[in-house]
Amino acid sequence: MDYAVHILTMIAITGIAAVSLNLLIGETGLVSVAQAAFAGIGAYGMTLLMLHAGIPFLAAALFSALIAGAIALIIGAIFLSLREVYYVFGTVGLNMIVWAILLNWDSLTRGPLGIPGITRPEVLGISFADNTAFLILCAVVLLAVFAAHYAIMKSNFGRVLHAVREDEEAIAVLGYKTEVYKIVIFVISAALVAFSGSLYATYLSYINPSAFTVNDSIFILAIVILGGLGSAYGAIVGTCMLVGAFEALRFIGFPASIAGDMRQVFYGLILILFMLYLPRGLFGKFRI
Amino acid sequence: MTALVTRKLEKRFLGVHAVDHVDIACKDGSITALVGPNGSGKTTLINTITGILPMDGGEIRVGERTLTRVRPTDAAGLGIARTFQNTRLIGQMSVLDNILLALTERSVWRALFERQGQSHLDAAEAVLRRVGLSEKRHANAEELSYGQRKLLEIARALSMRSRIYFFDEPFAGLFPEMRKVVAEILRELRAGGAAVVLVEHDMDLIRDLADFCYVLDSGKVIAEGTPEQVLKEPHVIEAYLGK
């Protein structure tokens, strides 16, 4: 039972990151490989605020989401001139820089040692120390993010994002400052994924930089692509599939010495098969 | 009153003048035709005026404003709406949503917290009825025929309620009945006081619709005047027919 709760909790936390990334890549066509960086900013921001400033979880998580959003605002403005693959590599570079800062700023982050002792949250007087209660909290946040995704895409703003994905220049001729729309959705996505980072930190009660690498961003990207671009529902199903399938591999009985590598092989194989036979993913509206 | 003027407008590609010191003027309440053989620079001229291509020299005057640089996003603010020679609709979006893009709020913050109002929907329905696409309102733009996509793009331009309209070969691929509708739309815009710029190859349509005509060849204006005047000129006939 505890194991199932753990898997579902990881699915909910990763799902928040995936749905927030879908706003960028799926709906707007901005392929970002920096979600783990913003999750890291959220996780470390929340942790430092909780441990050193004594700020309660919710306020700390919201404030660190704001910090992530502010950083995304600056980065988004810098990346405005980048197109397609250059934008992708820009975000890769961002993730590498954030990871390097987390790893090397020992006095603040304790570097590779990470930060232990992060307590489970208490929100509005309700304790989420219990694993099942914490799963409910994560599920509620995931639902809220899902609802926010829906509301954004049903708004006039969402319509413009769709248009930006297909033909940014044509929509600019209609008078839309498309660069502002792209920055705003980058900021929203960063803030949402930062919140998932806060949940991750408080769930495991320990964080270190190895959880926020480019590989982790690629993992979230793969989830969104496999679930299907432009589908928040697909992002959640993709999360269940990849997180769940990885866990299922534990029961196949690979020798311990190769189990980790086999998971990577399996992960790669899924990606290749999907790209070959289902390039739109499970519920995708669009191709990359 | 003159709505738009270009002065010595230039656009070069690797040293080749695609638009070569072009001077044109478009008046309110008139239809100005741009004619010329393929590759003469008509579309490049429109793309330069609307900011799709950055200008390399000269200036554009729109109303009281004189510009030496126009970005695509500036066009709408200058009161310019346009269609494209090869339609540039949002293919994976419904016909209705393509129109709503032209009707709804441009401001990011209002767009984020608002959905289209009933007035937007009514306006979209009206313009779709005008071009005969009401029944296709929920179809994706990419599912339309070539002619229907042309009509949808015209409808989108109309929804901008602009002062100046550029129509790049709007009659191409249309059935005769729809050509009549588009011609009627252009006349209505003129009657409403708009400055209409029309790129077209069909000389009968030019004679029928245009009040003034510029003939382009190799990026230069080689003749200007009423259609009847310029289309008789020997060097215009030579540029067109290669005689």
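None of the values given here were measured: they were computed from a predicted structure.
Summarising the geometry, atom CG belonging to N47(B) is positioned 8.0 Å from atom CD belonging to E169(A); distances are rounded to the nearest 0.5 Å. The structure places CE of M93(B) at 11.0 Å from CG of D167(A), a figure rounded to the nearest 0.5 Å. Considering CG of L112(B) and CD1 of I185(A), their distance stands at 7.5 Å, rounded to 0.5 Å.
If you measure heavy-atom distances from V173(A) to chain B, the contacts under 4.5 Å come from both the backbone and the side chain. Proximity to chain B (any heavy atom under 4.5 Å) is restricted, for I171(A), to the side chain, taken from C-beta onward.
At a heavy-atom cut-off of under 4.5 Å, chain A is reached by P72(B), T73(B), A75(B), A76(B) from residues 64-76 of chain B, listed in order of number. Of all residues in residues 145-169 of chain B, those placing a non-hydrogen atom less than 4.5 angstrom from a non-hydrogen atom of chain A are R156(B), M160(B).
Partner R159(A) forms a side-chain contact (heavy atoms from CB on, under 4.5 Å) with one of N98(B), L100(B), I90(B) and no other, that one being L100(B).
Under the salt bridge (Lys or Arg N to Asp or Glu O under 4.0 Å) criterion, E142(B) pairs with no residue, sequence neighbours left out. With sequence neighbours left out, N95(A) forms a side-chain hydrogen bond (donor to acceptor under 3.5 Å, both in side chains) with S217(A).
The closest side-chain heavy-atom distance from K177(A) to V108(B) is not below 4.5 Å.
Side chain of E166(A) to backbone of G91(B): a donor-acceptor contact under 3.5 angstrom is found.
Within a 6.0 Å sphere centred on CZ of F89(A), heavy atoms belonging to other residues, nucleotides or ligands number 12 at most. Within a 6.0 Å sphere centred on CZ of F283(A), other residues, nucleotides and ligands contribute more than 12 heavy atoms. Counting non-hydrogen atoms of neighbouring residues, nucleotides and ligands closer than 6.0 angstrom, the CZ atom of R187(B) exceeds 12 such neighbours. The neighbour count for Y267(A) OH, taken as heavy atoms of other residues, nucleotides or ligands under 6.0 Å away, is above 12. Atom CZ of R106(B) has more than 12 neighbouring heavy atoms from other residues, nucleotides or ligands inside a 6.0 Å radius.
Of all the heavy atoms in Y181(A) and A111(B), the pair that sits closest is OH-CB, 3.6 Å.
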side-chain contact (heavy atoms from CB on, under 4.5 Å) between T104(B) and F157(A), worked out: CA-CA 10 Å; T104(B) 50; F157(A) 182 85; over 6 Å; no
